[in-house]
Protein chains: 2
Amino acid sequence: MQACAVIAEFNPFHNGHQYLLEQARKVTKADLVIVIMSGNFVQRGEPALINKWERARVAINCGADLVVEIPTEYAIDSAKEFAHAGVEIAQKLGASFLAFGSENPDLDFENESKILDRQFDQRAKKYNQNFAAQLFDDTAIMNSNDILGINYAYWNSKSKRGLQLIPLQREQADHRDTEIKGSIASASAIRRAALEQSEYFNAVPKASLKAIRNAKLTSWEDFWIMLNYRLLTSTPQELRHIKGVTEGFENRILNLVDKSNSFTELMQKLKTKRYTYTRIQRSLTNILLNIQATPFNLTKTRLLATNQLGRIFIREAALGSVVMTKVTKEDFENNYAITKRADDLYQLVSPYQWGKGPIIKKNVKE
Amino acid sequence: MQACAVIAEFNPFHNGHQYLLEQARKVTKADLVIVIMSGNFVQRGEPALINKWERARVAINCGADLVVEIPTEYAIDSAKEFAHAGVEIAQKLGASFLAFGSENPDLDFENESKILDRQFDQRAKKYNQNFAAQLFDDTAIMNSNDILGINYAYWNSKSKRGLQLIPLQREQADHRDTEIKGSIASASAIRRAALEQSEYFNAVPKASLKAIRNAKLTSWEDFWIMLNYRLLTSTPQELRHIKGVTEGFENRILNLVDKSNSFTELMQKLKTKRYTYTRIQRSLTNILLNIQATPFNLTKTRLLATNQLGRIFIREAALGSVVMTKVTKEDFENNYAITKRADDLYQLVSPYQWGKGPIIKKNVKE
């Protein structure tokens with residue numbers, strides 16, 4: 001069986017995602033499509049709009065055969081580390097292809113990726129700055145999807161078990177668009193519309209709409225009391241041990257938290273030219289989750305959802321040691337400790353009934 | 001000017017406290033009565049029912065001339081360390097007397113206190129066990145006021161600047177009584193009645209009744225989200241650095257927090273024969289406030305409230321270096337850091353407008 005992997009967040013799942021999954025299957029002619037997805041916290045350094053189980057269920061109902069999770073510490077890391085985790089999982093699962101959305105599918109991703117090795121290369125720096133900036137600002141030159149694509153190519157080139165990269169032309173909507181025009185809109189525009197209870201219904205498949213409508217939508221403000229508490233009870237020394245907290249940022253945060261009454265207020269006060277919103281949000285997520293810098297060490301991925309085809313694939317490819325269908329106490333204490341923490345906190349503000357085992361869709365054609 | 005000190009919590013201030021202040025002044029013939037009071041967290045290891053500024057104001061309106069604060073790390077410590085801090089402050093303020101309520105004022109407190117030096121003495125152990133037990137259970141032999149008295153005597157005997165100890169016969173109510181019968185009731189009975197909105201009005205002076213009625217009453221449940229969050233994001237190693245967390249208690253807590261939906265539930269699950277409720281609550285308060293064990297080092301006390309007489313006393317006794325009328329940034333970062341932390345958290349659940357400077361009552365006879 002040949003598998004095509006897609007690295008995604010589906011925050012939330014929209015028509016563009018459905019199109020991407022369809023194209024991935026069509027172009028690669030793969031037997032199944034594997035989605036490698038962020039969990040309850042996402043790469044912008046914030047909680048997902050709806051929980052990972054619901055997002056995985058929607059994905060299975062909208063074209064994926066198998067959904068596995070990127071452990072939280074990597075899911076909320078920089079484009080480079082996020083891509084590292086995604087590619088690592090795709091390779092561990094034995095996928096043949098890695099499909100991704102791109103504004104410029106004709107770009108030579110592999111060639112472009114070579115500059116990532118040159119740490120002092122100005123273009124490499126610019127890529128990363130652009131990527132971070134683009135998530136919030138409109139000042140970036142290059143699209144974040146393409147930057148991710150370059151990072152995928154980079155990690156893919158480091159491994160013997162190479163994946164075939166399949167850049168797929170993205171549908172119309174610029175992911176920075178804030179208005180929803182037709183059936184294609186960006187995930188941020190949809191999140192905003194959902195939180196503001198305005199119109200987005202045409203931009204998402206029915207299954208996604210249902211999931212969004214049934215969920216308690218989640219944003220950073222829901223975690224403000226916890227972050228505020230953590231900051232009020234932390235010393236500068238303790239904060240300096242947190243990943244991404246450097247260069248006196250700990251003192252800046254501690255000074256400003258006293259004067260902030262909401263997450264938004266703190267973010268506004270923290271923003272400077274030097275730090276992008278994304279970088280600040282990521283540091284705050286690391287503080288919230290008490291994450292310290294550790295070397296990359298991804299051994300397993302959790303199965304979130306599957307259909308019959310996905311189950312057969314796991315069995316045939318003998319992926320039992322890579323894909324956790326149940327998370328053991330030992331996993332919870334080791335490689336899965338941060339993800340458990342993220343899930344525990346997420347459930348404090350938005351409880352969900354899933355999580356004891358993966359979501360299993362009984363019939364492929366349901 | 002001769003001053004009589006009273007170490008107290010006033011949680012909340014009731015008729016028995018008013019009687020104690022009156023007797024202290026009458027018996028000692030002191031020129032003024034100084035109250036050395038816990039702040040927003042108290043010795044049982046829990047938040048005070050109402051904030052420290054309101055309690056200090058009530059004290060000034062009901063017989064105290066000066067109210068200063070026991071820094072939080074000592075206010076929530078064992079009877080021995082609580083007494084240590086109280087006596088230390090009384091001595092630093094140059095008080096002549098230390099008055100305290102007692103069920104057995106004829107007890108030879110100084111003589112009894114000698115056993116506290118003998119660490120392996122069974123009676124010393126029993127004292128401390130009794131004290132802790134008594135705050136919650138009805139199994140104790142000796143009254144907690146007398147145990148405190150013995151601890152006051154102990155620390156007083158260690159210093160050259162001795163205070164004259166004035167044990168004063170307590171009024172009727174056993175502090176373990178849960179029902180409110182007449183005008184004298186225990187602070188716990190009043191707290192419970194206030195939280196349950198049942199009858200306690202005869203047991204407190206008018207000023208206290210007003211303060212209780214106007215306040216957002218505070219209990220541990222208000223801090224459950226913070227404690228829960230802290231536990232969910234802590235490793236056993238991190239918890240072991242917290243004061244009072246020893247002997248595998250960190251693993252017990254981490255195992256049980258997952259199964260608990262409220263503070264009360266966690267407490268019930270944690271309770272064993274080995275640990276009293278008070279000991280558990282104190283450890284949880286240390287976890288909440290992120291307090292690590294440090295050597296005793298009390299240099300200053302914060303002025304909470306005063307009348308004209310109290311102001312004259314501070315000036316005449318040249319107490320400027322001991323009594324903080326304003327807390328400097330340096331104090332907030334050093335000797336007053338834990339107390340600031342406690343206040344910041346308290347204000348998250350029960351905001352108050354005071355705290356920029358002490359409460360000053362303009363006329364002695366108002």
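Chain naming here is simple, since letters A, B, ... match the order of the sequence lines and numbering starts at 1 in each.
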_chain B interface, residue from A/I291, A/T235, A/I338, A/N290 that has the most non-hydrogen pairs under 4.5 Å_ = A/N290
*So, are B/K216 and B/D222 salt-bridged, with charged N and O less than 4.0 Å apart?*
yes
*asked:* Please classify the contact of A/E333 with chain B as side chain, backbone, both or neither, using a heavy-atom distance under 4.5 Å.
replied: neither
*Which one of A/N228, A/L289, A/L345 has the most heavy-atom pairs closer than 4.5 Å to chain B?*
A/L345
*B/N297 versus B/Y74, closest heavy-atom pair with distance*: N-OH, 3.0 Å
*Does B/R230 reach the main-chain N or O of A/Y229 with its side chain, forming a donor-acceptor pair under 3.5 Å?*
no
*Please look at B/D344 and chain A and tell me whether the side chain, the backbone, both or neither of the residue comes under 4.5 angstrom of a heavy atom of that chain.*
both
*Look only at the side chain of B/R191 and the backbone of B/N11, and say whether a donor-acceptor pair between them is shorter than 3.5 Å.*
yes
*Check whether A/L348 gets within reach of chain B through its side chain, its backbone, both or neither, counting any heavy atom under 4.5 Å.*
side chain
*Donor-acceptor pair, A/W220 side chain versus A/G45 backbone, under 3.5 Å?*
yes
*Top contributor to chain A interface from B/D258, B/L288, B/I225 [non-hydrogen pairs under 4.5 Å]*: B/L288
